[in-house]
Number of protein chains: 2
Amino acid sequence: MSSAKINAAIDNLKEAGVRITPQRHAILEHLIQSMSHPTADEIYKALEGKFPNMSVATVYNNLRVFKEAGLVKELTYGDSSSRFDCVTTDHYHIICDSCGKIVDFHYPGLDEVESLAESVTGFEVGRHRMEIYGVCPDCKRKH
Amino acid sequence: MSSAKINAAIDNLKEAGVRITPQRHAILEHLIQSMSHPTADEIYKALEGKFPNMSVATVYNNLRVFKEAGLVKELTYGDSSSRFDCVTTDHYHIICDSCGKIVDFHYPGLDEVESLAESVTGFEVGRHRMEIYGVCPDCKRKH
DNA sequence: TTATTACTTTATAATCGTTATAATTAGTCT
DNA sequence: AGACTAATTATAACGATTATAAAGTAATAA
Ligand SMILES: [Mn+2]
Ligand SMILES: [Mn+2]
Ligand SMILES: [Zn+2]
Ligand SMILES: [Zn+2]
């Protein structure tokens with residue numbers, strides 16, 4: 001049930017002193033219920049039926065608020081626009097080169113690579129980023 | 001000696017039927033001799049002494065030509081501008097969160113993660129991307 | 001050599017995602 | 001209600017990159 005997750009997120013925000021406006025509720029709801037990794041613009045378009053006057057800046061502003069509250073993570077991909085993920089537990093992504101679909105997948109952290117990099121470069125390592133690219137089952141079928 | 005690498009790159013381009021203009025030569029030379037991962041704008045600025053009339057579009061155009069010839073790789077990072085790497089053999093990067101420095105480091109490919117992702121998601125995996133983030137020795141010292 | 005042709009560079013405008021600004025609106029508190 | 005604060009909106013600005021069109025340059029054909 002995603003409404004539980006929505007409520008938890010809202011409680012989290014309230015505790016941080018963030019007002020729950022209708023726009024914020026809708027953006028959060030869309031993020032959680034869509035179960036995907038939408039762009040700011042996709043969220044904006046998905047909600048323009050319900051909020052015909054909402055500004056795209058409101059979407060960006062609130063995504064930043066949610067990020068600062070630790071409720072969403074921003075995924076940045078090269079030239080194109082950022083995507084937002086409301087699953088904040090550690091996981092990796094696999095991305096279809098053909099249709100752009102993004103799928104979560106879990107793998108134990110790459111601690112060994114991190115510690116090797118640390119010893120070889122003298123950096124103090126904080127985090128890493130990894131994605132895998134390929135062709136998804138749907139696109140394989142279409143060939 | 002980096003001139004050997006420059007000559008090899010030029011031969012490579014000639015073989016692909018690409019004309020070697022003074023601008024192309026200079027961009028290539030800068031990329032190879034700088035031993036770093038410059039942005040298009042950094043290259044543009046580094047060469048404006050020698051080519052006061054060169055257009056920034058020329059830098060972008062030629063970086064694309066070099067990319068298509070397999071001579072450089074583009075590294076894309078979130079919002080900020082792309083960086084270009086003339087080391088095309090497989091390697092990873094570690095990036096300083098404080099000063100932005102990018103350092104190469106080598107590690108055997110993450111074949112295990114790729115094959116697990118393939119079996120779990122049904123994707124046909126082609127490649128992956130990984131970077132490590134942390135604080136470089138210089139920035140650590142400054143604390 | 002001259003003419004033709006294709007390629008390259010330049011200058012400039014356009015595009016796109018994102019952020020900044022300022023005015024307006026809406027909550028919150030006393 | 002009145003005062004204060006935060007949020008939203010509309011719009012402009014920004015920065016990286018790409019598109020366009022004109023002018024220049026090199027290769028090739030006649
Ligand atoms: Mn995810
Ligand atoms: Mn490199
Ligand atoms: Zn696909
Ligand atoms: Zn540093």
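Every chain is numbered from 1 and lettered A, B, ... according to where its sequence line falls, protein lines coming before strand lines.
- Rounded to an integer number of Å, the gap from B:Asp41 CG to D:dC14 P is 16 Å.
- Atom CG of B:Leu75 and atom P of D:dT17 are 12 Å apart (whole Å).
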Which atom pairs link the protein and nucleotides 7-12 of chain D when you take only N or O atoms and keep those under 3.5 Å?
| residue | atom | partner | partner atom | Å |
| --- | --- | --- | --- | --- |
| D:dA7 | OP1 | A:Arg24 | NH1 | 2.8 |
| D:dA7 | OP1 | A:Arg24 | NH2 | 3.4 |
| D:dT8 | OP1 | A:Thr21 | OG1 | 2.5 |
| D:dT8 | OP2 | A:Asn62 | OD1 | 3.3 |
| D:dT8 | OP2 | A:Asn62 | ND2 | 3.4 |
| D:dT8 | O3' | A:Gln23 | NE2 | 3.1 |
| D:dT9 | OP1 | A:Gln23 | NE2 | 3.3 |
| D:dT9 | OP2 | A:Ser55 | N | 3.1 |
| D:dT9 | OP2 | A:Thr58 | OG1 | 2.8 |
| D:dT9 | O5' | A:Asn53 | O | 3.2 |
| D:dA10 | OP2 | A:Asn53 | O | 3.0 |
| D:dA10 | N7 | A:Ser55 | OG | 3.4 |

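- Look at CG on B:Leu47: it is 16 Å from C1' on C:dT10, rounded to the nearest Å.
- You'll find the side chain of A:Ile94 stays beyond 4.5 Å of the side chain of A:Lys101, heavy atoms only.
- A salt bridge between A:Asp138 and A:Arg141 is present, with a side-chain N of the basic residue lying under 4.0 Å from a carboxylate O of the acidic one.
- Rounded to an integer number of Å, the gap from NE2 of B:His25 to P of C:dT9 is 14 Å.
- When rounded to the nearest whole Å, the span between CD of A:Glu68 and C1' of C:dT19 equals 14 Å.
- Counting only N and O atoms by type, the side chains of B:Asp85 and B:His91 include a donor and acceptor under 3.5 Å apart.
- Note: NZ (B:Lys14) to P (D:dA26) measures 14 Å, nearest angstrom.
- Remark: C1' of C:dT10 and OH of B:Tyr44 are 10 Å apart, rounded to the nearest angstrom.
- If you check the side chains of A:Tyr107 and B:Glu112, you find a donor sitting under 3.5 Å from an acceptor.
- The side chain of B:Tyr60 places an N or O atom within less than 4.0 Å of a non-bridging phosphate oxygen (OP1 or OP2) of D:dT17.
- Contact annotation: B:Thr39 does not reach the phosphate of D:dA16 (side-chain N/O to OP1 or OP2, under 4.0 Å).
- Put simply, A:Val87 and A:Leu75 are part of two different groups of oily side chains (I, L, V, M, F, W, Y) that touch within less than 4.5 Å, one to the next.
- A:Ser80 comes within 4.0 angstrom of no nucleic acid atom, judged by non-hydrogen atoms across all strands.
- In summary, the side chains of A:Tyr44 and A:Glu42 do not present any donor paired with an acceptor at a separation below 3.5 Å, with no hydrogens or angles considered.
- C:dG27 atom P lies 17 Å from atom CG of A:Leu13, rounded to whole Å.
- Residues B:Gln23 and B:Thr58 have side chains that never bring a donor and an acceptor to within less than 3.5 angstrom of each other.
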